[in-house]
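One structure below.
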There are 2 protein chains.
Amino acid sequence: MATQERSSATQARILDAARALFLERNFADVTMEQVAATAQATKGAVYHHFASKEELYLAMLHADLEDKRELFQRAVDMPGNCRERLRRLTSDYFHLPRGHREIISLVRRDVNVFEGDARTSLIRAYQSALPEQVEKILCDGVEAKQIEAADPRLLSWSFVALVEVSLSPHAGRVFPGGEAKLDHILNLFFDGASTAVVPN
Amino acid sequence: MATQERSSATQARILDAARALFLERNFADVTMEQVAATAQATKGAVYHHFASKEELYLAMLHADLEDKRELFQRAVDMPGNCRERLRRLTSDYFHLPRGHREIISLVRRDVNVFEGDARTSLIRAYQSALPEQVEKILCDGVEAKQIEAADPRLLSWSFVALVEVSLSPHAGRVFPGGEAKLDHILNLFFDGASTAVVPN
DNA sequence: GCAAATACCGACCAGTCGGTATGTTTCCCC
DNA sequence: GGGGAAACATACCGACTGGTCGGTATTTGC
């Protein structure tokens, strides 16, 4: 039993190292030796647990995306109107530790290095982890006439994009507290930047 | 004189090839031989014009960003209110040929592979080509009370992000004509997604 | 028309890195 | 308590690629 614990511990260390490294460098610029070193293991150990660099990367991403999907699911299943649920989802997201928060933009960053099944399944995992959950909330909002009828998928991507903008250091400086940042995003998304009360 | 023409012609071909290749693959996944082949030249020719792979990449990006800066400048200098000028800027952008349109997201994609001066000057070029121009328009809007007082830089990034979302194939399907897409972005940014006429 | 310069070619080098083959240690099970 | 398998460690391979360098062809200035 001790050997199995030890094994899954190293596996977790390798995944952690991979997450940290792939977050700050490109897929191509991270070497398997760096991963091994950061995980306090050797290349042999890494290749014992993951068949290839690509598999390691994808395993890390899929694990992380699945975590997020479950987290956001809770906001989707929450009672309340569209805006409240979106606020909850975004708040949950902001309260993630830094290393886990930015993995999502990473999918967009180097999804292009893969092709075929790996690529499609990665995109699918990302879609179902984030945009589709937002989309569900938005669809309810459109149905309840809280939101203007528009393509929900496009709206959800737009919302995600606005959240991503708020990850920048500059946004952190403008809104030191998390609450104000949250309000800003929701206000911008729901009510727009204009002061005009009646849209043209 | 003919030799100089010939020279700058190959240089242009190399830059074109670089743009096309770097657009669909990572920096690391593009080889100098591929660039040479696509440009119908040899590696020797490429290295004759550009000292290194990094220099080629940066030269290509800077040239392209400078073009865009000049293009967007025209919208900034235009008379009219904030919304009209933003519309013009975005419209100009949409009317660019496809290969030139998406270069901008490319900066965000692999700015991380560089460090030091190269990195900072690239970010600066990007900033002054796009977000800062949007920012100027927004600042005027805030001053004229057409836009709610908020951090203009953050607002400009948000706007750029919304435009980027509309580059997706799905957005192209939802809005086959350019005009409708333009309206959608502007409506979303200025008036938000909500149906509520009076913001909370 | 010739010599120097410029543009260009392509074989080659050196370093890197993903992946493998082969030990070696540790633990589990009978 | 021993044999076997799983978890590592280490040495190494081979392919790839950025960059170099000696050489060639074409201009251009004189």
Side-chain angles (χ1 to χ4, degrees), chain A residues 1-61 110 112-119 122, chain B residues 1-22 24-61 110 112-116 118-119 122:
Chain A
M1 189 59 75
T3 174
Q4 219 171 60
E5 257 175 46
R6 191 178 149 76
S7 169
S8 64
T10 38
Q11 191 164 341
R13 273 192 346 261
I14 291 170
L15 281 173
D16 277 350
R19 180 167 43 228
L21 287 172
F22 284 127
L23 195 60
E24 56 180 343
R25 288 194 255 288
N26 275 345
F27 177 76
D29 288 348
V30 174
T31 73
M32 290 299 260
E33 232 148 43
Q34 285 172 350
V35 173
T38 308
Q40 282 172 307
T42 64
K43 228 165 68 162
V46 176
Y47 273 98
H48 175 72
H49 288 286
F50 302 94
S52 69
K53 185 182 182 182
E54 179 172 325
E55 192 180 298
L56 167 63
Y57 183 80
L58 293 175
M60 181 272 283
L61 276 186
D110 29 31
N112 285 323
V113 298
F114 307 109
E115 352 183 280
D117 285 352
R119 190 183 138 94
L122 180 57
Chain B
M1 189 58 76
T3 176
Q4 218 171 61
E5 256 175 46
R6 190 177 151 77
S7 169
S8 65
T10 37
Q11 191 164 342
R13 273 191 347 260
I14 291 170
L15 282 173
D16 277 350
R19 180 168 42 225
L21 288 172
F22 285 128
E24 55 178 343
R25 287 194 254 288
N26 274 345
F27 176 77
D29 288 348
V30 174
T31 73
M32 290 299 260
E33 230 149 43
Q34 285 172 352
V35 173
T38 308
Q40 282 172 306
T42 64
K43 228 163 69 161
V46 175
Y47 274 98
H48 174 73
H49 288 285
F50 302 95
S52 68
K53 186 181 180 182
E54 179 172 325
E55 191 180 298
L56 167 62
Y57 184 80
L58 293 174
M60 182 273 283
L61 276 186
D110 31 27
N112 286 323
V113 299
F114 307 110
E115 355 183 277
R119 190 183 139 94
L122 180 57

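So that the names make sense, note that chain A is the first sequence line, chain B the second, and so on, each numbered from 1. These numbers come from the heavy atoms of this one structure, side chains and all, not from hydrogens, waters or symmetry mates.
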Practice item. Mind calculating the distance between CG (A:Asp29) and C1' (D:dG18) to the nearest angstrom? Key: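 Answer to the nearest Å: 14 Å.
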Atom CD of B:Glu5 and atom P of C:dC8 are separated, to the nearest Å, by 13 Å
request  = Indicate whether OP1 or OP2 belonging to C:dG10 is found under 4.0 Å from a side-chain N or O atom of B:Lys43.
outcome  = no
Query - A:Gln34, CD atom: more than 12 neighbouring heavy atoms under 6.0 Å - result: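 Yes.
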Comparing A:Ala41 with B:Glu54, nearest DNA chain D nucleotide closer to 5' gives the residue A:Ala41
Closest to the [X] side chain, choosing from [options]:
X	options	value
B:Tyr47	C:dG19, D:dA9, D:dT20	D:dT20
A:Lys53	D:dT10, D:dG18, C:dG19	C:dG19
A:Ala45	D:dA9, C:dC9, D:dG18	D:dA9

Taking atom NE2 of A:His48 and atom CD1 of A:Ile14, what is their separation to the nearest 0.5 Å?
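It comes to 9.0 Å.
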Within the sub-3.5 Å range, which N or O atoms of nucleotides 14-16 of chain D have a protein N or O partner, and how far apart are they?
none

Using a cutoff of under 3.5 Å, can you pull out all pairs of nitrogen or oxygen atoms linking the protein to nucleotides 21-26 of chain C, with atom names and distances?
none

Could you tell me which residues satisfy side-chain contact (heavy atoms from CB on, under 4.5 Å) with [X], sequence neighbours excluded, listed by chain and number?
X	result
B:Thr38	B:Ala17, B:Leu21
A:Tyr47	A:Met32, A:Lys43
A:Ala45	A:Ala41, A:Thr42
B:Leu58	B:Glu54, B:His62, B:Phe114, B:Ala118, B:Leu122

Residue pairs passing the salt bridge (charged side-chain N to carboxylate O under 4.0 Å, His left out) test with at least one member in residues 19-31 of chain A, sequence neighbours excluded, are A:Asp16-A:Arg19, A:Arg19-A:Asp64
Q.
Can you give me the closest heavy-atom contact between A:Glu55 and A:Phe50, atom names plus distance?
A.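 Scanning both residues completely, I find the closest heavy atoms to be OE2-CA, 4.1 Å.
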Distances for protein N or O near nucleotides 3-7 of chain C N or O, under 3.5 Å:
unit_1	atom_1	unit_2	atom_2	d
C:dA7	OP2	B:His48	NE2	3.1

(message) Going by side-chain hydrogen bond (donor to acceptor under 3.5 Å, both in side chains), name the residues that satisfy it together with B:Asp110, two or more places apart in sequence or in a different chain.
(response)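 So B:Asp110 forms a side-chain hydrogen bond (donor to acceptor under 3.5 Å, both in side chains) with B:Tyr57.
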Across all chains, not counting sequence neighbours, the side-chain hydrogen bond (donor to acceptor under 3.5 Å, both in side chains) partners of B:His49 are B:Gln11
* Do A:Lys53 and A:Thr31 have side chains that get closer than 4.5 Å, going by heavy atoms? ->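 Not touching, per the 4.5 Å side-chain cut-off.
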- prompt: Under 4.0 angstrom, heavy atoms only, what part of the nucleic acid is A:Val30 near: base, sugar-phosphate, or nothing?
  reply: sugar-phosphate
